[in-house]
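To start, the structure itself, in structure tokens.
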Amino acid sequence: MISRQTLREEPERVRDALDAKGVDDVELDEILEIYDEWRDLKAEGDDLRHERNEVSREIGELKRDGKEEEAQEAIDRSSELKERLEAVEDRADELEAELEERMMRIPMLPDDDVPRGADESENVERRREGFDDLRDLPDEVTPHYDLGEELDILDFERGAKVSGGGYYFAKGEGARLEHALIQFFLETHREQGYTDVFPPIPVNSKSMEGTGQFPKFTEDAYRLEGSHDEPYDDDDLWLLPTAEVPVTNLHRDEILLDDDLPLKYQAYSPNFRQEAGEHGTETRGIVRVHQFNKVELVNFVRPEESEERFEGLVSEAESVLQALGLPYRILEMCTGDLGFTQAKKYDIEVWAPGDDMADGPEQGGRWLEVSSVSNFREFQARRAGIQYRPEQHESAEYLHTLNGSGVAVPRVVVAILEYYQNADGTVDVPEALQPYMGGQEVIEGQEPVGESAVGDE
RNA sequence: GCCAGGAUGGCCGAACGGUAAGGCGCACGCCUGGAAAGCGUGUUCCCUUCCGGGAUUCUGGGUUCAAAUCCCAGUCCUGGCGCCA
């Protein structure tokens with residue numbers, strides 16, 4: 001959430017940010033009007049309340065002195081004030097609630113240095129890594145979904161049977177690969193100073209608001225109780241769409257000490273997304289699924305440190321791809337492609353050579369977003385009430401939060417199955433990963449189980 | 001799930017219908033050769049250019065001229081009982 005002060009003092013900057021982000025469902029002028037009207041009523045209410053407090057004090061004194069008649073007069077006056085006060089304050093409360101609700105829908109203002117652009121086509125590629133010394137690839141790289149089924153390490157049909165479309169089983173070496181990647185990521189980031197957190201998987205609505213998923217993006221979340229169309233309460237539960245939600249909300253409504261900062265947490269968790277509105281895109285494979293594993297990095301920092309930490313977070317996130325020897329690129333989001341909550345964001349996209357896409361690199365294949373590193377500045381902190389006290393005797397201020405995926409597991413599996421693929425249909429295990437796979441060097445797959453596998457080859 | 005007790009500032013803790021004591025911590029000042037002790041001031045949020053004002057005893061309702069205090073509902077914590085990977 002942006003501050004009221006920003007809204008009041010720099011409305012034009014807010015208007016410009018709305019324009020830069022392509023947000024057109026915020027009526028800024030109406031919000032400013034509501035704000036003005038509320039402030040007038042608040043002043044009026046404060047005056048009335050002041051009067052009532054004085055009369056009340058008087059009543060106490062008169063009663064104590066046994067002056068019953070005079071006390072009764074004062075009580076009558078107080079009753080009258082009470083009525084006027086109620087009318088004014090009820091209206092003021094309504095307006096403030098309205099103001100609060102509207103402000104929750106104003107997006108974070110982009111940083112000044114973020115390239116201005118309308119949509120993803122205007123994102124800026126910052127650099128490309130790992131393309132200088134590429135492996136020898138088979139003439140025809142088999143896409144991960146075909147290879148995964150041939151090796152019987154990915155099973156989409158049974159995923160659909162058991163849970164529905166968009167779910168998959170990882171089996172045998174496929175499952176081991178996911179476990180290994182998770183452990184490898186955690187170990188790497190632990191060495192970078194991260195504290196492990198294993199969060200609750202269901203999170204309440206309040207948490208979803210704290211990180212900015214709600215109230216705008218309820219569509220994409222899995223609701224645990226109640227139907228999707230019903231209004232929700234603060235304590236209704238949802239399956240987390242990213243560990244960013246529980247981990248950032250870990251310190252919701254808290255005041256941290258200056259000495260606590262910076263705080264670096266990492267969390268492995270499954271992530272659940274309805275992917276509403278994505279039907280028809282990415283129906284094959286594990287690039288876009290309803291449940292996927294991810295290791296998330298979350299930082300809480302002093303405001304003046306967030307820009308530097310952002311750069312640090314990018315290198316921490318990309319370090320795992322480097323270690324795995326996977327080629328990737330770093331993309332800076334333009335204003336139009338920044339999310340609701342972000343002031344600045346870089347995507348890390350790994351190269352998956354299996355499917356040629358129009359916007360892929362000249363070597364063929366496609367880019368896959370595996371990590372998204374964002375600086376929210378005080379946007380989430382303000383929503384979630386996360387503060388720190390620079391000096392013990394001073395008032396608390398909002399800290400800055402940042403996060404980065406470190407990284408999405410299935411998409412890395414895609415990149416490994418395609419980039420480390422051999423001509424004979426086996427897949428090399430990247431060297432850095434071998435210790436986490438019991439020393440295994442090659443994935444050879446397994447024989448499928450069951451009647452349905454017989455006779456169709 | 002049931003029963004009982006509890007929730008007051010950064011921390012501890014009083015007040016139990018009349019408008020939130022006190023202590024600790026922290027900051028600044030006085031004092032001191034310097035420090036300690038001592039003394040003084042300050043130490044939540046909102047509105048206001050200023051002066052000032054309002055709110056705030058877990059949350060939300062209610063009773064009352066007036067609620068930390070009484071009533072109702074909820075959340076969390078502690079203890080006991082029950083259930084249970």
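Please read these numbers as outputs of a predicted model, since none were measured by experiment. A note on names: the letters A, B, ... follow the listed sequences, proteins ahead of strands, and every chain is numbered from 1.
- Pair check for B:A14 finds none; no Watson-Crick or G-U wobble contact set falls under 3.5 Å.
- Ring geometry for A:Y167 against A:H290 counts as tilted: the plane angle lies between 30° and 60°, on a 0 to 90° scale.
- Summarising the base pairing, B:C70 is matched to B:G62 through a Watson-Crick or G-U wobble pair whose two defining distances lie under 3.5 Å.
- A:R389 comes within contact range of the sugar-phosphate backbone alone, with a heavy-atom separation under 4.0 Å but no base atom that close.
- When the P atom is compared between B:G53 and B:G1, the two are found 49 Å apart, to the nearest whole Å.
- Residues A:D196 and A:Q266 meet the side-chain proximity criterion, which asks for heavy atoms closer than 4.5 Å.
- Nucleotide B:U56 forms no Watson-Crick or G-U wobble pair with any nucleotide shown, as no partner meets the under 3.5 Å limit on both distances.
- Annotation: B:C83 and B:G22 have their C1' atoms spaced 46 Å apart (nearest Å).
- In this structure, A:K42 places its NZ atom 10 Å from P of B:G54, rounding to the nearest Å.
- Minimum atom distance to the side chain of A:D46 is reached by B:G54, of the listed B:C45, B:G54, B:C47.
- Contact annotation: A:R49 side-chain N/O to B:A55 OP1/OP2 distance is under 4.0 Å.
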**Request:** Report the C-alpha distance between A:E447 and A:D152 in whole Å, list the side-chain angles of each, state the deciding distance to 0.1 Å, and finish with yes or no for side-chain contact (heavy atoms from CB on, under 4.5 Å).
**Result:** CA-CA 7 Å; A:E447 287 303 313; A:D152 197 38; over 6 Å; no
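- One P atom belongs to B:G29, the other to B:G62, and the distance between them is 49 Å to the nearest Å.
- The C1' atoms of B:A14 and B:G23 are separated by 11 Å, rounded to the nearest whole Å.
- Rounded to whole Å, atom C1' of B:C47 lies 15 Å from atom CG of A:L48.
- Nucleotides B:U19 and B:C28 have their C1' atoms positioned 31 Å apart, rounded to a whole Å.
- Between A:Q5 and A:S3, the side chains place no donor N or O within less than 3.5 Å of an acceptor N or O (distance only, hydrogens not considered).
- Using a 3.5 Å distance cut-off with no hydrogens or angles, the side chains of A:E173 and A:Q440 do pair a donor with an acceptor.
- Summarising the base pairing, B:C81 is matched to B:G1 through a Watson-Crick or G-U wobble pair whose two defining distances lie under 3.5 Å.
- Checking the phosphate oxygens (OP1, OP2) of B:G53, no side-chain nitrogen or oxygen of A:N53 falls inside 4.0 Å.
- Nucleotide B:G54 holds its P atom 17 Å from the CD atom of A:E96, rounded to whole Å.
- Taking atom CD of residue A:E254 and atom C1' of nucleotide B:U44, one finds them 17 Å apart after rounding to whole Å.
- When the C1' atom is used for both B:U64 and B:G13, the distance is 29 Å, rounded to whole Å.
- Remark: B:C51 base-pairs with no nucleotide in the shown strands. Criterion, Watson-Crick or G-U wobble with two distances under 3.5 Å.
- Among the protein residues, A:Y388 comes within range of no part of the nucleic acid, since none of its heavy atoms lies under 4.0 Å from any strand.
- One C1' atom belongs to B:U32, the other to B:G38, and the distance between them is 11 Å to the nearest Å.
- B:G60 and B:A55: their P atoms are spaced 15 Å apart (whole Å).
- Between A:L7 atom CG and B:C47 atom P there is a gap of 12 Å when expressed in whole angstrom units.
- Regarding A:R252, its CZ atom lies at a distance of 19 Å from the P atom of B:C58, rounded to whole Å.
- In this structure, A:D236 contributes its side chain and A:D233 its backbone to a donor-acceptor pair below 3.5 Å.
- Positionally, the nearest nucleotide of RNA chain B for A:E61 lies more toward the 5' end than for the other of A:D235 and A:E61.
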Close N or O pairs between protein and nucleotides 61-67 of chain B (under 3.5 Å):
{"from": "B:C65", "atom 1": "O2'", "to": "A:S78", "atom 2": "OG", "distance (Å)": "2.4"}
{"from": "B:A66", "atom 1": "OP1", "to": "A:K82", "atom 2": "NZ", "distance (Å)": "3.3"}

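- Counted within 6.0 Å of CD on A:E308, heavy atoms from surrounding residues, nucleotides or ligands total 12 or fewer; the atom is thus considered open.
- The CG atom of A:D259 sits 13 Å away from the C1' atom of B:G10 (whole-angstrom rounding).
- Checking B:U48, B:U19, B:U44 against every side-chain atom of A:R8, the shortest atom distance belongs to B:U48.
- A sub-4.0 Å separation between OP1 or OP2 of B:C46 and a side-chain N or O of A:Y35 is absent.
- Between A:F214 and A:Y232, a ring centre-to-centre spacing shorter than 6.0 Å is recorded.
- Atom CG in A:D233 sits roughly 19 Å away from atom P in B:U59 (whole-Å rounding).
- For the residue pair A:R13 and A:T6, no side-chain donor N or O sits within less than 3.5 Å of a side-chain acceptor on the partner.
- Remark: B:G33 base-pairs with no nucleotide in the shown strands. Criterion, Watson-Crick or G-U wobble with two distances under 3.5 Å.
- In a base pair of the Watson-Crick type (N1 to N3 plus N6-O4 or O6-N4) or a G-U wobble (N1-O2 and O6-N3), with each distance short of 3.5 Å, B:C28 is matched with B:G40.
- Salt-bridge formation is detected for the pair A:R4/A:E96: a Lys NZ or Arg NE/NH1/NH2 atom is positioned less than 4.0 Å from an Asp or Glu carboxylate oxygen.
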